[in-house]
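Have a look at the structure below, then the notes.
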Amino acid sequence: MGKFSRRDLGKALGAVSAASLLPRGGAAAAQLLRPTDLSFPKDFRWGCATAAYQIEGAVREDGRGATNWDIFSHTPGKVFNGDTGDVADDSYHRYKEDHQLLKALGVSTYRMSLAWSRIFPEGRGRPNPKGVDHYNRVVDDLLANGIEPYITMFHWDLPAALPGGWQNRDTAQAFADYAGYMAGHLSDRVKHFMTVNELRCFTDLSHLTGQHAPGLKLPPARVNQVRHHGVLAHGLGVQAIRAHAKPGTQVGIADNTTFYVPVIDTPEHIAAAKKATREQNAMFLTAIMEGRYIDEYLHQEAANAPKVQPGDMKVIGSPLDFLAVNIYAPEWVRADDSPRGYATIPHIASSPHMASPWLIVGPEVAYWGIRQVSELWQPKVLYVSENGASADDPVQNGRIDDADRVMYLRNYITSFHRAVAEGYPLKGYFLWSLMDNFEWADGYSKRFGIHYVDFKTQKRTPKLSAAWYKEVIARNQLV
Ligand code: FCB
C-alpha cells in the first residue's frame, strides 16, 4: 500500500492553489473542505475474531466430548454440501501459525472461544486436563506474541451429553460451572471474558427456525423458555466468572442485538428506531441490561411468556464490566402512527447484500447500534465483538483481491468511527474473521476471512483485505 499521508494531500492541494477549491465565503467556509480526520484514539484496540468449532477441527482428540454441532453437521441435509467441523482450519494443531498471521497484521487483541466439551466432555462432572492444557498453551503463545486474548466461553458448541440441551434449565448452571472453572484457570493471564455469543442464534436459529443445531422447530412457549435459559446461563456465568477469576477481570457478553436504523435522521424516526431496538430485543439484551422482561414483551407473549423463578431476573441483570456487540446487517424502521409508534421495513430483493444473502449492507447500523446501546443502557465500555463480510473471493494468479470486502469494512468502520468521534465509549473492534472457516449451516461455501484458506492443503493466504486492515491498524486511522 502506498504511503500517502495527509501532509502530502495538503501539498498537492497547495500545488493547485487551495484557494481556488474553496467555496465562496472565504476562510470560515474553508472548513467545509477539510478532510475528516478518521483516526482512532491511541488506546483503541484492533483485533480479529474466531470461534472454536469453526476453526479447531480435531473433534475426537485429547478427550473432547461430542457436541450438538458434531451431531448436526453429520446429519444429512443439515449443512450445505454435507460439510462438518471435523477438520475445519485444523487450528487445534496450527494455532501457532495462526497467531503469526495475527502478529503480521499488527493486532493487539484476538477474540477466540473455548470448546466447552474439551474441558467437560460430558458438559459437567469431571474435567479433562488435556483440554485445559491446550488452552493454556494457546493463551501463552498469544501473550508471547504480544496479543491479548479476549475469550468467549460459549460460541454454540454445546456438549451433546447435556440432557435436553438448552431446553433444560440445568444447562444454564452447567454452563456457569464450566465458565467459572475456566476463569479460575486462565484469569491470571486473560483479563476479558465474554459469557456467550449471540443469544438469538443459539436459541432462535436452533429451536425456532431449525437452521442451526439441534435443528428444532418448537412452539412459542418453549422457544421463550429456551431464550430464558440462555439469558440465565449468561447471568449465572457472569457471577461464576467473578467468583473464580482474579480481581480486575472484566466480564461481558458478545450479543448480536438486532439494531433498528432510522432511515431518515429526524427526531421522530430516531426515537422510533431506539424504541424498536429496545422492544425487539426484550428477551435478550434488554432483559440483561434492565434486569427484567419489559411489559411490552410480557404483554405480547401473554400465556407463552417464559416461566421465571424467584431471583432469576436479578441474576440475568448482573452488572457487566463491558458490553460487546456483533454488528452486521441493519434492520430499517420508520416512525408511524400505530400504537407502538414504528414500522419495520423488510429487506427486499434489491437490498444490497454480500455473499451471504442475510448480510444486507447498511453501514449506518454500526453508528446507530453503538449510539442506541449507549443511550438506552449507558454501558461503561463497548466493543464490537464481530463485524465482517462474506465475499466470493476468486483466486487469480494466486491472489485474492477482495475489493468488495474492503469496501464493506471501510464503510462500516467509518460508521463506527462516527460513534467514537461523538464520544460513545467504543474501545475496540474485532474483525470477523481472521481466516475462512466453517460457516455453520453454510459449511465452507461462505468465506468471511481476511486470510484465504485452501481447505485441501490448509494453506493460509492473506487477501487484499488483510493488507488493508494491516494499514488501518498501523496508522490507527481509516485508509
Ligand atoms: C456470527 C457468528 C459467527 C460467524 C459470523 C459470520 O453470527 O457469531 O460465528 O458465523 O456470524
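Whatever order the structure lists them in is the order used to number ligands and atoms, beginning at 1.
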At a 4.0 Å threshold, what atoms of ligand 1 neighbour a non-hydrogen atom of Gln54? 3 (C), 4 (C), 9 (O), 10 (O)
For Trp432, atoms of ligand 1 separated by under 4.0 Å from a heavy atom: 3 (C), 4 (C), 5 (C), 6 (C), 9 (O)
Candidate list Phe193, Tyr110, Phe430, test ring-ring contact (aromatic ring centres under 6.0 Å, His included), partner Tyr150, passing option: Phe430
Shortest protein heavy-atom distance from atom 7 (O) of ligand 1, along with the residue and atom involved: Glu198 OE1, 2.6 Å
Note: ligand 1 atoms sitting under 4.0 Å from heavy atoms of Phe448 are 6 (C)
Between His347 and Trp358, is the ring centroid distance below 6.0 Å? no
Whether Phe438 and Tyr53 hold their rings parallel, tilted or perpendicular, with breakpoints at 30° and 60°: perpendicular
Starting from atom 5 (C) of ligand 1, what is the nearest protein heavy atom, named by residue and atom, and what distance separates them? Tyr328 OH, 3.4 Å
Check whether any N or O atom of Trp358, backbone or side chain, sits under 3.5 Å from an N or O atom of ligand 1, and answer yes or no. no
Flag, side chain of Asn326 to backbone of Asp255, donor-acceptor distance under 3.5 Å: no
Please determine if Asn197 has a nitrogen or oxygen closer than 3.5 Å to a nitrogen or oxygen of ligand 1. yes
Taking the ring centre of each residue, are Phe202 and Phe154 less than 6.0 Å apart? yes
If every non-hydrogen atom of Tyr412 is compared with every non-hydrogen atom of Ile360, which pair is closest and at what distance? OH-O, 3.5 Å
Kindly say whether the aromatic ring centers of His417 and Phe40 come within a distance under 6.0 Å. yes
Any atoms of ligand 1 less than 4.0 Å from a non-hydrogen atom of Glu439? List them with their elements. 4 (C), 6 (C), 10 (O)
Note the single closest protein heavy atom to atom 3 (C) of ligand 1, along with its residue, its atom name and the distance in Å. Glu386 OE1, 3.4 Å
Can you name the atoms of ligand 1, numbered from 1 with element, that are less than 4.0 Å from a heavy atom of His155? 2 (C), 3 (C), 8 (O), 9 (O)
